[in-house]
2 protein chains.
Amino acid sequence: MSNHVPNTTVQRLPVYLRCLVQEQSLRVPVANSVRIAEMAGTNAAQVRKDLSYLGEYGIRGIGYDVDGLVRHLTRWLGLEHVRKAAIVGYGRLGSALLGYGGFQDRGFSLAAVFDTDPEKIGTAAGSGLVVEPLADFAAAVERDALEIVVLTVPASVAQAVTDTVVAAGIKAILNFAPTKLLVPADVAVRQADVAAELQILSFHLSSGGE
Amino acid sequence: MSNHVPNTTVQRLPVYLRCLVQEQSLRVPVANSVRIAEMAGTNAAQVRKDLSYLGEYGIRGIGYDVDGLVRHLTRWLGLEHVRKAAIVGYGRLGSALLGYGGFQDRGFSLAAVFDTDPEKIGTAAGSGLVVEPLADFAAAVERDALEIVVLTVPASVAQAVTDTVVAAGIKAILNFAPTKLLVPADVAVRQADVAAELQILSFHLSSGGE
DNA sequence: TGATGTGAAATGATTCACAGCA
DNA sequence: TGCTGTGAATCATTTCACATCA
């Protein structure tokens with residue numbers, strides 16, 4: 001057991017979990033590192049090293065017990081209980097994410113939606129949710145035990161909205177706005193900039209595909 | 001001038017470009033590595049090293065000419081001409097991305113939309129586009145000079161759809177489906193798995209925020 | 001003078017190769 | 001036997017520190 005898992009490893013854990021859950025649904029009882037690697041798109045040594053940071057969960061000569069490893073990964077990722085997330089910014093992307101049914105399966109529930117536009121506040125947002133004013137955010141964090149904010153507001157207001165949700169005690173933000181957020185050191189931010197991803201692809205197109 | 005730019009550097013180039021375009025809009029003529037670093041959320045040595053892989057674009061004692069560097073980054077990212085992308089999968093996420101106006105500014109035009117659902121084919125999809133059958137994809141690649149596919153289909157059909165678009169000559173795919181895509185070595189794929197991002201945030205929440 | 005550009009050093013990640021164990 | 005777990009080696013990236021030059 002170790003107390004430091006490298007960042008690169010952390011980013012692969014959700015992939016491993018997804019692959020193992022798939023094996024589980026196929027009733028495969030055991031998976032070895034070669035199998036996990038080919039499903040996850042990496043190599044066997046990487047899989048073994050990554051998993052060894054978490055503990056000794058494999059069986060020599062056999063592989064990894066799928067159910068057991070799913071349980072361990074779920075625990076390491078903090079997904080034993082469903083985490084509540086809030087959509088902040090009820091635009092097209094916010095409503096698309098709300099409508100996407102794939103989060104429940106993977107440990108998350110979108111439990112509230114916020115906006116500042118008076119036109120939007122009070123409207124029904126699917127899943128029985130109603131768009132609430134951002135001014136009520138802090139109260140809602142208490143009420144719904146919100147832990148994660150999915151930020152789908154325009155870049156121009158992203159920092160101000162971030163300051164509001166951080167003041168309300170939020171420690172994890174998935175930011176779809178194309179802007180760097182300044183947050184205290186104990187707040188985790190992941191950037192999800194779709195246009196930047198396209199630009200990276202464009203680079204690869206330009207450099208002859210190698 | 002170099003002929004190999006590290007992957008980690010490539011991933012930061014869009015961030016630098018975004019920051020410099022912002023400086024441009026503020027009529028700032030010159031930016032030094034310290035300034036770029038604080039906007040981009042990195043450090044000055046990193047900025048200088050990254051930019052030095054592309055060439056010698058700075059002026060010693062002064063910094064980087066903003067307009068000039070914007071031009072160079074645009075060229076390195078292959079963004080001198082607008083790249084045409086297709087949305088494949090006209091569900092909630094596909095339609096949200098189509099409705100998002102922020103791509104044009106950053107070098108992309110969403111030029112076509114495809115689906116296999118007969119209910120959706122033929123319906124208007126905003127921006128004057130009509131949802132086309134995936135069977136017509138290869139013809140549309142020719143017609144519209146499509147270069148990039150944004151894949152917003154369910155995971156269960158993602159590989160089959162990928163095989164179709166790759167057969168039509170597509171070399172760059174942004175995959176929103178939570179599944180590994182098998183593609184030939186000359187096809188670039190970027191993964192955009194929102195639930196995986198949330199799981200990474202969950203890990204950070206669990207490990208006490210350090 | 002005050003910045004860049006860059007070798008060299010330090011750090012971090014991946015891969016190798018094999019000991020150790022079911 | 002056939003796999004995992006893991007030190008050691010390799011490779012990649014980041015950071016340092018300073019020569020260089022407008």
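Side chains included, hydrogens not; waters and symmetry mates left out as well; all remaining heavy atoms used. The sequence lines fix the lettering, A, B, ..., with proteins before strands; numbering per chain opens at 1.
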Next item on the list: Tell me which residues in residues 27-37 of chain A put a heavy atom below 4.0 Å from DNA chain D, sorted by number, or none.
Entry: Asn32(A), Ser33(A)
Check: Is the Phe203(B) ring parallel, tilted or perpendicular to the Trp76(A) ring (thresholds 30°, 60°)?
Finding: parallel
Check: Roughly how far apart are Gln199(B) CD and Ile148(A) CD1, rounded to 0.5 Å?
Finding: 9.5 Å
I need the [atom1]-[atom2] distance between [X] and [N], as an integer number of Å.
X        : N       : atom1 : atom2 : result
Leu69(A) : dT4(D)  : CG    : P     : 11 Å
Leu51(A) : dT15(C) : CG    : C1'   : 16 Å
Asn43(A) : dC3(D)  : CG    : P     : 16 Å
Gln11(A) : dT14(C) : CD    : C1'   : 15 Å
Arg48(A) : dC21(C) : CZ    : C1'   : 14 Å
Asp50(A) : dT15(C) : CG    : P     : 10 Å
Asp65(B) : dA22(D) : CG    : C1'   : 14 Å

Notebook entry, point to check: Looking across every strand, which nucleic acid part, if any, lies under 4.0 Å from Gly61(A) by heavy atom: base, sugar-phosphate, or nothing?
Noted result: base
Notebook entry, point to check: Which one, dT13(D), dA3(C), dT15(D), comes nearest to the side chain of Asn7(B)?
Noted result: dT13(D)
Check: Of all the choices, dC18(C), dA22(C), dA8(D), which nucleotide is nearest to the side chain of Lys49(A) once you look at every atom?
Finding: dA8(D)
Margin query: Suppose we call a contact any N or O donor and acceptor under 3.5 Å apart; does that hold for the side chain of Arg60(B) and the base of dT20(D)?
Written below: yes
[N] phosphate, OP1 or OP2: any side-chain N/O from [X] under 4.0 angstrom?
X        : N       : result
Gln46(A) : dA13(C) : no
Arg12(A) : dA13(C) : no
Tyr53(A) : dA13(C) : no
Thr8(A)  : dT14(C) : yes

Item checked: Residue pair Ala196(A) / Arg106(B): nearest heavy atoms and the distance that separates them -> N-NH2, 3.8 Å
Check: In this structure, are over 12 heavy atoms from other groups packed under 6.0 Å from Arg12(B) atom CZ?
Finding: yes
Next item on the list: Using the closest heavy atom to pick a nucleotide of DNA chain D for each, name whichever of Ile62(B) or Tyr57(A) lands nearer the 5' end.
Entry: Tyr57(A)
Next item on the list: Indicate whether any N or O donor in one side chain lies under 3.5 Å from an N or O acceptor in the other, for Asp50(A) and Tyr16(A).
Entry: yes
Next item on the list: Flag the pair Asn175(A) / Arg190(A) as yes when at least one side-chain heavy-atom distance between them is below 4.5 Å, and no otherwise.
Entry: no
Next item on the list: Look at Glu147(B) together with Arg83(B) and state whether they make a salt bridge at an N to O cut-off of under 4.0 Å.
Entry: yes
Item checked: Comparing Ala45(A) and Ile59(A) on DNA chain C - which has the more 5′ nearest nucleotide -> Ala45(A)
